[in-house]
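Not measured: the values here are computed from a predicted model. Heavy-atom basis, side chains included; hydrogens, waters and symmetry copies ignored.
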There are 4 protein chains.
Amino acid sequence: MNDLSKENRILDAATLEIAENGYANATMARIAKRANVSSGLIYFYFPKGKLQVLLSITVRFWKILNERLENQLASISDPVARITELARLAEFMLVRDNNRLYLAKVLIEELPRLFMISDDELKDTRMEITVENRKFINTIDTIIRDGQNQGVFDGSLKPSAMRQVLYGATEMLLYGLFIKASRNEDLGYGKADVKKTLDSLIRKFLCKNP
Amino acid sequence: MNDLSKENRILDAATLEIAENGYANATMARIAKRANVSSGLIYFYFPKGKLQVLLSITVRFWKILNERLENQLASISDPVARITELARLAEFMLVRDNNRLYLAKVLIEELPRLFMISDDELKDTRMEITVENRKFINTIDTIIRDGQNQGVFDGSLKPSAMRQVLYGATEMLLYGLFIKASRNEDLGYGKADVKKTLDSLIRKFLCKNP
Amino acid sequence: MNDLSKENRILDAATLEIAENGYANATMARIAKRANVSSGLIYFYFPKGKLQVLLSITVRFWKILNERLENQLASISDPVARITELARLAEFMLVRDNNRLYLAKVLIEELPRLFMISDDELKDTRMEITVENRKFINTIDTIIRDGQNQGVFDGSLKPSAMRQVLYGATEMLLYGLFIKASRNEDLGYGKADVKKTLDSLIRKFLCKNP
Amino acid sequence: MNDLSKENRILDAATLEIAENGYANATMARIAKRANVSSGLIYFYFPKGKLQVLLSITVRFWKILNERLENQLASISDPVARITELARLAEFMLVRDNNRLYLAKVLIEELPRLFMISDDELKDTRMEITVENRKFINTIDTIIRDGQNQGVFDGSLKPSAMRQVLYGATEMLLYGLFIKASRNEDLGYGKADVKKTLDSLIRKFLCKNP
DNA sequence: GATGAATGAGGTTTCATTCAT
DNA sequence: GATGAATGAAACCTCATTCAT
């Protein structure tokens, strides 16, 4: 991890720190220590402090996700295959190993904070996230709409609402995994169940059933 | 609001404060001001401070929800009707008006914090929540299991995973409404769509389709 | 000094601290220690920090000076007697003892800072000072103008420019005294010379000479 | 400004920065940026940092002033003419344009700081200033004393006190101009009034009136 | 029960200063 | 000479918490 740029090391360290202690209890000093960097340097890269660090974690994630998504989906046209690939990629980026589960937790837990930004100087960073987020949402909604038009997906519901269902279901299933990994509180299912359940959700809820 | 007990006024004020600023930035002074109460008084009712206030919001909610749930479900036996009633009640308690959406937001955002409590003196409050939470989860899981046993619900998935799907989907649909209410960022659907979408989710994802 | 209100004790302590170390090197911690007060309390009374403390020292001084001035000048009508009384009062408030010389130094040294305030939340405090300052300036200018109209004072110069001369001369004479008191650098004159010199300045520069 | 030596560019930039923000809030980074130079380079020329930069501004000013003074006064013997020439030169160096008014402001504001230097390694620079300052003061005092001895100037006051009057009056008149230039707060007089008022001060206060 | 001035631990934040390049 | 990323000491500042009233 030490061969990364200091900026990325800070983001990685912050992900861990926030995942473990929550945003409220995360401290800049500990982030710095974890990143093996002086506390002052964090302010060099993220002058607005902790919140900007948090937002930057999110920005970095979405940018990478959207980029990969674009590449992967380029060669797929079938709506079911597309939505499946999308779920697979999200899972890959968030569940593959425990470090990524940390990231998942931070993204899930801190998403609401996005809507509380009042600091004008953070508007830019927020806009970046909004843009990436919309891009992602658009990708999903477009797939759903295409599927509906082709008569493959259920046409009686709004794509936006269906997307929220997929998003929320995935999030909560992942969150259970994280709890399982970090505490030993078994929620009653494992990684395999997540995959199976999401497949079923796509097939039964999303697709049109004759 | 001023005719409530001061204790309840504090919890209401805290809900608003946390919904607006997040737990990290919520301050006791502002909660006190919103509740029209001195900051010292908060410590009379909640000696362990901010975290206890947060937990108490959650406790209050779950207790009321579970109590009503028990009453409402007592006379219903059909699994589909039971799960529908459960969704209806949750929606009633969280979506009915904007104040309740604030509550929804706090519950959603602060759920993860439950797993980070180390203060021994809060173990009791935490246990209360865990008990109420398990009661709620049990209620759902039992309904699902019963439905599976009766051959009404899809028996190929784990009840716990299915419950996460229902839970996450509901949460994210509600969250969209909150965003719409507090910011003017339209996510593309309204309250009616939430109801319709959840109904569809139950019918198609949860139920066994011939 | 301990029987004063804490707020006044803070201002007194800050006067001393700033006089000794300069505004740039004055620290909140030392001001608190000197005032025998916790550092947090300073922010309770002066939420905008060090600058607000500095401004508040100035406000307090001007308010008292203007108030006394009004009382003292009420019963005097002769321009020469009025300007002499004004000088006497200023001297009384700034030179009488070494503590007051500290105040004089702070007022003199930090006056320029007044014109650098950009913080919107300090606009109020700044306005207070401006108001008091104008009141004082008006008092002088009015005396001078009256004297000119009565043919007692030199009518060939602008009252505003003459006032700056009186103001600057007084300031610099006092400043020399402060240097003498705090360091042992003799500037070559004493308190008696200040009085004598200012009298002479009034008589010869201000008054019309036949 | 870019054709100056980097050392002089730094001093000019610092003058501007300090005039605008005050010594307390001036930062090396901003000085560097204004001088179009890296912050590290400032330490090459001024190893003792910000304070040394400040002192160097003052040194540079006094050296030039004293040098020119010596040249200009060499051929003048009449005390009134000499003191008038001195005032004219000071005015030339500080009032001629707005950039010089910045310099005036820095010199005025920062003079007191001279008496608070404790750093041993700056003793040299401080001594330089003291020497130049004394040279200047001596020049004035000598002119005054000569004038008194020749019966041209008022002999009843101490030269040192009279010098403070001249110094303070000049400073405050200039200060008013600065305020006018940087803010739009009119103090009621202009450059011409400054000249006229100082002439009058010399003629009436300094000179012996028959 | 109720208040709010007062405390001070502990976080945030700044920025003068260094040093490898 | 010149750079600017990096450091870390030392300031600022907040706010949960207490307690005399």
Separation of [N] [atom2] from [X] [atom1] (nearest whole Å):
| X | N | atom1 | atom2 | value |
| --- | --- | --- | --- | --- |
| A/K33 | E/dG11 | NZ | P | 11 Å |
| A/L51 | E/dT13 | CG | C1' | 15 Å |
| C/K48 | F/dC13 | NZ | C1' | 11 Å |
| B/F46 | F/dT18 | CZ | C1' | 18 Å |
| C/L41 | F/dT18 | CG | C1' | 14 Å |
| A/N25 | E/dG10 | CG | C1' | 13 Å |
| B/M28 | E/dA5 | CE | P | 17 Å |
| C/E121 | F/dC13 | CD | C1' | 14 Å |

Task: Single hit among B/I129, B/N133, B/L11 for side-chain contact (heavy atoms from CB on, under 4.5 Å) with B/V59 - done: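 Per the side-chain contact (heavy atoms from CB on, under 4.5 Å) rule, the option paired with B/V59 is B/I129, out of B/I129, B/N133, B/L11.
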
TODO: Once you apply the 3.5 Å cut-off to both distances, tell me the Watson-Crick or G-U wobble partner of F/dA20, or none.
DONE: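 Across any shown strand, F/dA20 pairs with E/dT3.
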
- [ ] Can you tell me the pairing partner of F/dC15 across any strand shown, Watson-Crick or G-U wobble, with both distances under 3.5 angstrom?
- [x]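 Looking at the geometry, F/dC15 pairs with E/dG8.
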
Task: Basic-acidic side-chain contact under 4.0 Å: D/R30, D/E20 - done: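 No, no charged N to carboxylate O under 4.0 Å.
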
- [ ] Look at C/R9 together with C/D12 and state whether they make a salt bridge at an N to O cut-off of under 4.0 Å.
- [x]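 Looking at C/R9 and C/D12, the cut-off is not met.
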
If you check every side-chain atom of [X], which of [options] has the closest atom?
| X | options | result |
| --- | --- | --- |
| A/S39 | E/dA16, F/dA9, F/dA16 | F/dA9 |
| A/S38 | F/dG8, E/dA16, F/dT3 | F/dG8 |
| D/F44 | F/dG1, E/dG1, F/dT7 | F/dG1 |
| A/K6 | F/dA6, F/dA2, E/dG11 | F/dA6 |

Open item on the list: Categorize B/G40 for me: base, sugar-phosphate, or nothing, with a 4.0 angstrom heavy-atom threshold over every strand shown.
Closed with: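 It contacts base atoms.
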
- [ ] Have a look at B/A26 and say if it touches a base, only the backbone sugar-phosphate, or nothing, with a 4.0 Å heavy-atom cut-off.
- [x]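 Result for B/A26 = sugar-phosphate.
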
Task: Pairwise 5' ranking along DNA chain E for C/I42 and A/A29, keeping only the more 5' one - done: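 That would be C/I42.
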
Task: Contact summary for B/R34 and B/A13, nearest pair of heavy atoms - done: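 Where B/R34 meets B/A13 most closely, the heavy atoms are CB-CB, 3.7 Å.
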
Open item on the list: How close do D/L103 and D/F61 get, counting heavy atoms only, and between which atoms?
Closed with: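 Of all heavy-atom pairs spanning D/L103 and D/F61, the closest is CD2-CD1, 3.8 Å.
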
Task: Presence of B/Y43 side-chain N/O under 4.0 Å of F/dT17 phosphate oxygens OP1/OP2 - done: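 Affirmative; the distance criterion is met.
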
Open item on the list: Using OP1 and OP2 only, check whether a side-chain N or O of C/Y45 sits under 4.0 Å from E/dA6.
Closed with: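 Answer is yes, contact under 4.0 Å.
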
- [ ] Select from B/K50 and C/R30 the residue whose nearest nucleotide in DNA chain F is closer to the 5' end of that strand.
- [x]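 Whichever sits nearer the 5' end wins; that is C/R30.
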
